[in-house]
Each structure stands twice: as C-alpha cells, then as structure tokens.
Amino acid sequence: MAQSKPEDTEQWKPTPAVVTPAQQVGGPPSDAVVLFDGSNLDQWVSTQDKSPAGWTVTDGVLTVNKARGNIETRRSFRDYQLHLEWRIPADIAGSGQARGNSGLFLASTGDGDSGYELQILDSYDNATYVNGQAASLYKQHPPLVNASRKPGEWQTYDVVWRAPVFGGDGAVVSPATATVLHNGVLVQDNAVLAGETVYIGKPPSRPYTTAPIKLQAHGDPSAPISFRNIWVRELPPRS
Ligand code: MG
C-alpha cells in the first residue's frame, strides 16, 4: 500500500470567496447589506401598512417612535449573519418588562409582534423572568449569561440565524436555530426554536421561506431606545 502523504488531505478547490472586513471593528464587511448606517431609513418600512418607517433619525442614531409601531426591512431574508447596536436611555425608568423593552425579530412572519424575537430590554439591574430578559429568545431560551451594559452605553448583538425548513405539507423539517453574541459574549449557542415567539401558550410554526427583519416598538411607557450600525450578510442554506 502506498504511503500517505500530506497532500492527500489538502483541499484546494473551491476557494472561499474573498470578503473584505471593515476597517472599523463592528463595521459592515464588503458583502454586507447595510440596513442602517446612520443616514436614513430607506431600507425600512412600517410593519403595519408598509409605508415609510416613521422612527426618528438624529445624529446618526435611530430612535423608536412608539406611536408609529414596529418597523421592518423592505427586503426579506432567509439565513444570515446580522450585526446591530442598541442603547437603553441613560435615564430609563420602569421595571421588569416595562424598562427599555424592544426586540429584534429575526424573521417577521406577519403583523404586530409575530415572528421570532430576540429580546431587547434593560437587564443591567432589572429582574424579570429569565426567558424574557435581554438576549433571551423570548419565552423559549434565557441567555447563557447576562452580558448587559449599563443604560446609556451602546450594546451589540451579533446573530447567526438559520431559518426553519418546512416540508411540502407545512411541517417543520428542521427547526430554526440562533447563535447570539451580546457585547461579544456568547449568550445563545445554536439554540433551537420551538416555533415563533408568543406571549402566551405554545409556539406556532407557520411556513415561510424568506421574511423581513423587524424591530419592536413596545407599548410599555418607558423612554424609547435607540439603534445604530445595522447590517446583515446573507448566508447560503446549511448543507
Ligand atoms: Mg420585546
């Protein structure tokens, strides 16, 4: 038998596509779709009626306008890597779920709060049910750790979202998964979703192929939170 050589286990093709990383840490790499760069909301619409998103852009920062409801991306996505930065107001008041509540819906499957929510909340010093605190996959998975920064400080989410795969009969063939870093700390490790986020009861799984990404205008009375630097990289389906 011929002797094994190092070359036997070398792979040369196909060569990975070249992606140029951003100069600045956290910035969009060359193949990203920039969803918000501080200038305008052209990539976003109102969830309710698909009119131009009515949230506020000031000094490069996007702030929730609760009166205008949720906003979502014009484009729809399937599997992706996403970066988003958010900030709870320094003077936030309230407690529990009524303290800086917003949310990143990884896939918006319809009106209102339908979809798969990664919770945004002030969880620096604010007790609530753990599967509803910041970086939870709401009502399904608490974060592995609480990596929250103080109100007034910018925080980051980096997410890898794998959409659920549905069979021809509408049944889930492979469930959605999410991996999340909060401020660079692993908080969701390939977490498997039971279905869509619901406040009460068992998560439903309504078939979809691609969906917008949605930001939540939560109805609690605390001051509205802000966002900046949002981008997404579409990923090929998991093989
Ligand atoms: Mg929320």
Side-chain angles (χ1 to χ4, degrees), residues 35-36 44 46-48 53-56 61-73 82-89 92-159 161 176 178 180-183 187-188 191 193-204 211-228 230:
L35 296 175
F36 179 67
W44 299 83
S46 158
T47 295
Q48 195 179 352
W55 291 10
T56 310
V61 171
L62 169 62
T63 298
V64 178
N65 179 345
K66 295 194 184 195
R68 300 295 293 269
N70 295 348
I71 65 170
E72 65 187 33
T73 54
L82 177 142
H83 176 90
L84 171 148
E85 302 178 17
W86 53 278
R87 184 181 62 190
I88 301 287
I92 193 75
S95 64
Q97 293 290 307
R99 189 176 168 90
N101 198 332
S102 180
L104 168 63
F105 287 88
L106 302 168
S108 172
T109 52
D111 289 346
D113 288 344
S114 57
Y116 299 78
E117 184 182 3
L118 173 64
Q119 176 68 306
I120 294 175
L121 189 73
D122 175 27
S123 289
Y124 183 74
D125 180 17
N126 174 35
T128 187
Y129 43 97
V130 297
N131 60 356
Q133 72 180 64
S136 66
L137 292 158
Y138 188 78
K139 289 276 178 96
Q140 295 189 39
H141 294 285
L144 299 170
V145 294
N146 183 348
S148 297
R149 291 197 172 117
K150 286 188 186 118
E153 297 182 2
W154 283 102
Q155 313 203 39
T156 60
Y157 276 163
D158 289 281
V159 180
W161 170 250
V180 181
L181 302 174
H182 181 194
N183 298 324
V187 288
Q188 300 289 347
L193 279 293
E196 296 179 42
T197 301
V198 281
Y199 185 42
I200 300 167
K202 186 174 177 291
I213 294 164
K214 181 163 66 184
L215 298 175
Q216 186 182 45
H218 192 268
D220 77 88
S222 66
I225 80 155
S226 296
F227 296 92
R228 70 178 184 189
I230 309 173

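For ligands, and for the atoms within them, numbers begin at 1 and follow the listed sequence.
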(request) Flag this pair as yes if the NZ/CZ of Lys139 is under 6.0 angstrom from the six-membered ring centre of Tyr129 and inside a 45 degree cone about the axis; otherwise no. (result)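 Verdict for Tyr129: a cation-pi partner in Lys139.
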
(message) Would Arg68 and Trp55 count as a cation-pi pair here, with the cationic atom under 6.0 angstrom from the ring centre and within 45° of the axis?
(response)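 Ring-cation test returns no.
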
(message) Strictly below 4.0 Å, N to O, side chains only: are Asp220 and Lys66 in salt-bridge contact?
(response)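 Yes, this pair counts.
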
(request) Determine how many protein N/O/S atoms sit closer than 2.8 Å to the Mg ion (ligand 1), leaving waters out since they are not shown. (result) 5

(request) For residues Ala98 and Ser222, report the shortest heavy-atom separation together with the two atoms involved. (result)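 Heavy atoms only, the tightest pair is O-CB, 3.7 Å.
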
(message) Please find the pair of heavy atoms, one from Ser102 and one from Glu117, that lie closest to each other, and give the distance.
(response) O-OE2, 3.1 Å

(request) Apply side-chain hydrogen bond (donor to acceptor under 3.5 Å, both in side chains) to Gln216 and list each qualifying residue two or more places apart in sequence or on a separate chain. (result) Asp113

